[in-house]
Amino acid sequence: MRPHQLPQVQGRPAVGAIGHNRGVVARNYAFMPPEGVLVSRLPHFEKTIVRILAAPVLGARFAQYVLEIEPGGGTRAPFAEAGIQHFYYGLSGEAAFAIDGTEATAFSAGAFAYVPPGTSFSLRNESAGPVRVLALRKRYEPAPGLAVPEPILSHRDAVPLTNHTGMEGRGFQFLLPYGDLRFDFEMNLMWFKPGTCFPDVETHVMEHGLYMLEGQGLYFLGRDWHEIWAQDFIWMGGYCPQQFYPTGFDDACYLLYKNVNRDVVL
């Protein structure tokens with residue numbers, strides 16, 4: 001039981017629920033623990049609960065979701081959106097993912113898929129247990145002379161762990177090809193050993209969608225520190241001061257969206 005989760009009598013709010021909220025929505029960032037994100041559903045998914053984490057109404061220029069797919073659920077039919085690219089990451093359970101009519105591939109925890117704009121895909125749960133998947137949608141920003149990227153269906157175990165910053169205790173897994181200018185965003189797994197931290201407070205133009213996968217830590221946003229655990233989500237707009245310091249005894253890991261490789265729109 002997490003420290004903020006107090007004993008609860010069935011049918012009644014948790015004791016001390018008022019005043020124990022960790023969530024914050026500020027001008028250019030939002031910190032959202034899972035208990036405050038309500039459920040919804042989408043017409044093109046069946047037997048699927050959708051928890052919307054980021055959306056333009058928040059200030060984000062992308063949308064991010066957690067999909068909770070029951071056995072026999074998922075996309076009703078192959079689905080595609082003109083001009084919209086998709087990214088999916090398996091959180092738990094085992095689904096089946098197919099892109100552009102290819103044979104479905106097992107999609108378990110750590111699996112990921114990039115779906116180019118206008119490309120059809122299907123995500124189904126044919127297993128006997130529930131499946132949780134992190135999803136992201138972003139309008140593709142074409143660039144002169146650059147083709148649209150090809151689909152990707154892989155697993156994090158196939159992606160090397162690198163340390164391009166040279167900072168001891170930090171690891172990076174670039175799930176999309178690093179430096180490939182055809183992509184207008186990155187999806188990176190960020191690993192931290194206990195006691196490691198950012199060398200500086202970062203303040204930059206890129207926005208982020210951060211989903212905590214493992215461990216815990218303290219995240220500096222704007223002018224305040226927030227304690228972050230697995231399943232917490234953070235949206236960071238452009239120029240939001242930010243820094244991470246892992247706490248606890250185990251490694252910390254989060255999946256980070258970042259918009260890159262395109263000029264500023266004036």
Side-chain angles (χ1 to χ4, degrees), residues 2-5 13-14 16-42 49-68 84-89 91 132-139 141 175 184-190 192 197-198 200-247 252-260 262 264-265:
R2 291 178 175 178
H4 71 287
Q5 293 177 324
I18 296 175
H20 286 81
N21 171 50
R22 296 188 298 131
V24 176
V25 176
R27 183 188 64 82
N28 66 338
Y29 76 85
F31 172 63
M32 289 179 282
E35 58 268 19
V37 181
L38 299 186
V39 305
S40 185
R41 298 185 184 272
L42 297 175
I49 285 176
V50 180
R51 299 181 187 271
I52 301 176
L53 304 174
V57 68
L58 179 65
R61 298 182 63 186
F62 63 99
Q64 197 156 357
Y65 317 74
V66 171
L67 307 177
E68 300 172 2
I84 305 297
Q85 55 195 332
H86 292 242
F87 184 92
Y88 293 86
Y89 184 88
L91 296 175
R132 296 177 64 251
V133 175
L134 190 69
L136 182 140
R137 295 168 58 238
K138 180 184 183 296
R139 182 168 295 280
E141 301 176 56
L175 303 186
D184 60 8
F185 72 98
E186 293 179 2
M187 294 297 289
N188 304 328
L189 289 173
M190 314 290 287
F192 298 82
C197 67
F198 287 8
D200 304 286
V201 175
E202 295 184 358
T203 309
H204 52 68
V205 68
M206 286 86 79
E207 70 172 333
H208 290 315
L210 184 158
Y211 189 84
M212 194 71 176
L213 294 171
E214 301 176 23
Q216 64 187 74
L218 296 172
Y219 220 103
F220 182 73
L221 298 166
R223 301 178 62 180
D224 299 304
W225 286 96
H226 303 269
E227 190 170 14
I228 180 172
W229 299 310
Q231 300 186 32
D232 287 342
F233 176 78
I234 300 174
W235 167 70
M236 288 169 268
Y239 298 107
C240 172
Q242 57 195 263
Q243 188 177 28
F244 179 63
Y245 182 82
T247 58
C253 177
Y254 55 73
L255 179 61
L256 187 72
Y257 160 86
K258 175 168 64 174
N259 58 320
V260 294
R262 294 298 183 267
V264 175
V265 177

When you measure from the side chain of E207 to the backbone of R61, do you find a donor-acceptor pair of N or O atoms at a distance under 3.5 Å?
yes
Does some side-chain heavy atom of V66 sit less than 4.5 Å from a side-chain heavy atom of F233?
no
Between the side chain of N188 and the main-chain N/O of M190, is any donor-acceptor distance below 3.5 Å?
no
Take atom CZ of R262 as the centre, draw a 6.0 Å sphere, and report whether it contains more than 12 heavy atoms from other residues, nucleotides or ligands.
yes
Is there side-chain contact between M236 and L210, with heavy atoms separated by less than 4.5 Å?
yes
Any side-chain heavy-atom pair from R41 and V50 closer than 4.5 angstrom?
no
Return the minimal non-hydrogen interatomic distance between Y29 and H226, and the atom names on each side.
OH-NE2, 3.5 Å
Which atoms form the tightest heavy-atom contact between I52 and A55, and what is the distance?
CG2-CB, 4.3 Å
Just by distance, do the side chain of H86 and the backbone of R137 share a donor-acceptor pair under 3.5 Å?
no
State, yes or no, whether a side-chain contact exists between M206 and E202 at a heavy-atom distance under 4.5 Å.
no
Counterpart residues, ring-ring contact (aromatic ring centres under 6.0 Å, His included), relative to Y65 (two or more places apart)
none
Pairs meeting criterion salt bridge (Lys or Arg N to Asp or Glu O under 4.0 Å) with involvement of residues 220-230, two or more places apart:
none
Test your reading of the model: is there a side-chain donor-acceptor pair from R51 to the backbone of V37, 3.5 Å cut-off?
yes
Criterion side-chain contact (heavy atoms from CB on, under 4.5 Å) on Y257 and H208, from CA distance to verdict:
CA-CA 5 Å; Y257 160 86; H208 290 315; 5.5 Å; no
Does the side chain of L53 reach to within under 4.5 Å of the side chain of W235, using non-hydrogen atoms?
no
So CD of E68 and CD1 of I49: to nearest 0.5 Å the spacing works out to 5.5 Å
Heavy atoms of other groups near F220 CZ, more than 12 under 6.0 Å
yes
Rounded to the nearest 0.5 Å, what separates atom CG in L256 from atom OH in Y211?
14.5 Å
Which heavy atom in F198 sits nearest to a heavy atom in Q242, and how many Å separate them?
CD2-O, 4.0 Å
Residues that F244 engages under ring-ring contact (aromatic ring centres under 6.0 Å, His included), provided they are two or more places apart:
F192, Y219, Y254
Test item: W225 and Q243 side chains (from C-beta on) under 4.5 Å apart, heavy atoms
yes
Which pair of heavy atoms, one from D232 and one from P33, lies closest together, and at what distance?
OD1-CA, 3.3 Å
Where is the tightest heavy-atom contact between L218 and I228, given as atom of each residue plus distance?
N-CG2, 4.4 Å
Nearest-0.5 Å distance that lies between atom OH in Y89 and atom CG in L255
6.5 Å
Does Q64 use its side chain to pair, donor to acceptor, with the backbone of A54 at less than 3.5 Å?
no
Is the shortest heavy-atom distance from the side chain of L213 to the side chain of L134 under 4.5 Å?
no
Closest approach of G222 to C240 (non-hydrogen atoms, all atoms of both residues)
N-SG, 3.9 Å
Taking atom types as modelled, find out whether E141 and N259 have a side-chain donor-acceptor pair closer than 3.5 angstrom.
no
Flag the pair F185 / Q85 as yes when at least one side-chain heavy-atom distance between them is below 4.5 Å, and no otherwise.
yes
